[in-house]
Novice: 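Before we start, here is the structure in question, set down as structure tokens.
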Number of protein chains: 2
Amino acid sequence: MYSPYANVSERELAPPSLAISTVIFALRRDGDTGRPELWLPLVRRIREPYRDRWALPGGPLAARESLQDAAARNLADTTGLTPRYLEQLYAFGGPERSPSPRVVSIVYWALVQPDEAALARESDNVRWFRADAVGELAFDHNTIVDYALWRLRNKTEYGQAAYAFLGELFTLAQLREVYEAVLGRELDPGNFRRQLRATPQISATEHYLAGGRHRPPRLYRYTPDPDMVPGPVPSTPQRSTE
Amino acid sequence: MYSPYANVSERELAPPSLAISTVIFALRRDGDTGRPELWLPLVRRIREPYRDRWALPGGPLAARESLQDAAARNLADTTGLTPRYLEQLYAFGGPERSPSPRVVSIVYWALVQPDEAALARESDNVRWFRADAVGELAFDHNTIVDYALWRLRNKTEYGQAAYAFLGELFTLAQLREVYEAVLGRELDPGNFRRQLRATPQISATEHYLAGGRHRPPRLYRYTPDPDMVPGPVPSTPQRSTE
DNA sequence: TCAAAAGTGTTACTTATACACCCATGT
DNA sequence: ACATGGGTGTATAAGTAACACTTTTGA
């Protein structure tokens, strides 16, 4: 029989089980101020442990599925949405994170654009929360959410994500609002414009957003740089015989 | 029976097995130029698939062990060394990365200071390679090594790692050599000094390195900033009753 | 015509880079 | 004394932040 680790002594009694979880971020406008804020969907646990606590959407890994596909499936199952951005966050596997049967979770984080249908999916067991007010979650999921927020802010600072919250065309003011919502501070419109115009991935179109109360702003488009995909890139030409 | 994912339909036939692998970097001086270079140890596979190919050290996760402890154990098993720096790299789990029984690998990367004993551990099945000349490895391990190198260069650029290659006390020239070896380019000694003296984690001592052929350089010490530990930090006061 | 947001210009300030120069020590 | 690496000073460039200003639209 083939065993991939036959060169190492087998130390395990019950092998830890593997799960994929996903932190899903979306932007929703506050009713009062009209400013966008970060929200994320959680699911209610219907079993012990942590019964009735809110938790990150997750599940097992299907047989022929990549880790990333499994995360995308989590996302579709709980929100019906397709991710605009999806990246691996971290693998959590401490023996103390779950009572009794050990679970190693590989966690992804995603950015989506919620539409009406997606938000309406709320039910008794699925609910959207403001990212800074999720309450006490099951397992170590508070740690995971905090870490995902930290990564989002970093990615935004270096200009990698953020676009994923917007449609194909957007004004620089909309993009700035996203930055402000994620970073939690205001940015100077003039300087923001200059920095973004210096970014090669952002290109101006000839379209303008009409219907506003004031001067119509120009619309821009984001063209992702293929060299900037997150995570590792298959480097060695993986046997190009196929 | 309790099952942590009973709220999701069970889709798997054979659950993927889980492994921990570790990319271990060390600095060795080149015999000719005397300049430090990046090396890493690999182990020879003694079974199919990829029999006789070189691969990253790795193994299964023991029952009561954290992911990080498992990586440290890999390291001790193959080199006898203790990591000075150890951080999670990425979880690799594509269904195509290994023939037949699927393996999800959680990969760590480590920095060590090799001593005589560790280097002498070389055998028919364990050998050190220059990081830029590892040849064709088993599985997707070339991708993993490349990604680990990329992360090392990033961490070094932002000044997080690098110290781990050195002893408790070091001269700025030694530290600069480490940077140069990792980044693969020369740095201006004057500017390097200024930048490092502006870093609060680096403090000057009153000791000097005597015995050199020239003016004795001052020795410095690195005091890690507890706020800068890599990876997620347990945030919610994890039930402080214990 | 006026409010409000789009968009531009200018200046101060911080940080990076290149490189000339002085200092201290073993040979 | 002198070669060599340790260590300092300085001029320039490049990027960041603050903020005053002009432009264009809808009401």
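The analysis underlying the following values was restricted to heavy atoms, covering all of them including side chains, and did not include hydrogens, waters or symmetry mates. Computed from a predicted structure; not experimentally measured. The sequence lines fix the lettering, A, B, ..., with proteins before strands; numbering per chain opens at 1.
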Novice: Would you say the side chain of B/Val233 lies within less than 4.5 Å of the side chain of A/Trp150, judging by non-hydrogen atoms?
Specialist: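 No; the side chains remain at least 4.5 Å from each other.
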Novice: More than 12 heavy atoms of other residues, nucleotides or ligands under 6.0 Å from CZ of B/Arg29: yes or no?
Specialist: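 Enclosed: over 12 neighbouring heavy atoms sit under 6.0 Å from CZ of B/Arg29.
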Novice: Let me have a per-nucleotide readout for nucleotides 17-27 of chain D, 5' to 3', with B, S or -, counting only protein heavy atoms under 4.0 Å.
Specialist: BBB---BBBS-
Novice: Just by distance, with hydrogens left out, do A/Ser105 and A/Arg97 show a side-chain donor and acceptor under 3.5 Å apart?
Specialist: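 Side chains of A/Ser105 and A/Arg97: pair found under 3.5 Å.
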Novice: Find the distance between CD1 (A/Ile24) and CG (A/Leu42) and round it off to the nearest 0.5 Å.
Specialist: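 If we round to the nearest 0.5 Å, A/Ile24:CD1 and A/Leu42:CG are 9.0 Å apart.
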Novice: Under a 4.0 Å threshold between the charged nitrogen and the carboxylate oxygen, would A/Arg221 count as salt-bridged to A/Glu168?
Specialist: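 A salt bridge is present here (some side-chain N lies under 4.0 Å from a carboxylate O).
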Novice: Rounded to the Å, how far apart are A/Leu196 CG and D/dG15 P?
Specialist: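 In whole Å, D/dG15 P lies 16 Å from A/Leu196 CG.
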Novice: Within this structure, what is the CG-to-C1' distance between A/Leu219 and C/dG7, rounded to whole angstrom?
Specialist: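 The answer, rounded to whole Å, is 15 Å.
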Novice: Would you list the pairs meeting salt bridge (Lys or Arg N to Asp or Glu O under 4.0 Å) in which at least one residue belongs to residues 196-212 of chain B, sequence neighbours left out?
Specialist: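 Counting only pairs at least two positions apart or across chains, the salt bridge (Lys or Arg N to Asp or Glu O under 4.0 Å) contacts touching residues 196-212 of chain B are B/Glu206-B/Arg218.
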Novice: Could you check which residues of residues 151-173 of chain B get a heavy atom under 4.0 Å from DNA chain D? Sort them by number, please.
Specialist: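 Here the set is B/Ala173.
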Novice: How long is the line joining CZ of A/Arg176 and P of C/dG7, in whole Å?
Specialist: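 Result: 11 Å.
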Novice: Using atom CD of A/Glu177 as one end and atom C1' of C/dA6 as the other, report the distance to the nearest whole Å.
Specialist: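 It is 14 Å, rounded to the nearest whole Å.
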Novice: Can you tell me how far P of C/dA6 sits from CG of A/Leu209, to the nearest Å?
Specialist: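 Taking CG of A/Leu209 and P of C/dA6, I get 10 Å after rounding.
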Novice: Does a side-chain N or O from A/Arg193 land closer than 4.0 Å to OP1 or OP2 of C/dT8, or not?
Specialist: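 Yes, within the criterion.
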Novice: In terms of heavy-atom contacts, does CZ of A/Arg35 have more than 12 from other residues, nucleotides or ligands at under 6.0 Å?
Specialist: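 Count not over threshold, so no.
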Novice: Looking only at non-hydrogen atoms, find the nearest pair between A/Leu67 and B/Gly93 and report the distance.
Specialist: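 Closest approach of A/Leu67 to B/Gly93, heavy atoms only: CD1-N, 3.5 Å.
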Novice: Between atom CZ in B/Phe192 and atom C1' in C/dA18, what is the gap in whole Å?
Specialist: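 Going from B/Phe192 (CZ) to C/dA18 (C1'), I get 17 Å.
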Novice: In whole Å, I'd like the distance from the CG atom of B/Leu187 to the P atom of C/dC19.
Specialist: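 So the CG-P distance, B/Leu187 to C/dC19, works out to 15 Å.
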Novice: Taking atom CG of B/Asn191 and atom CZ of B/Arg176, what is their separation to the nearest 0.5 Å?
Specialist: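 One gets 11.0 Å once the value is rounded to the nearest 0.5 Å.
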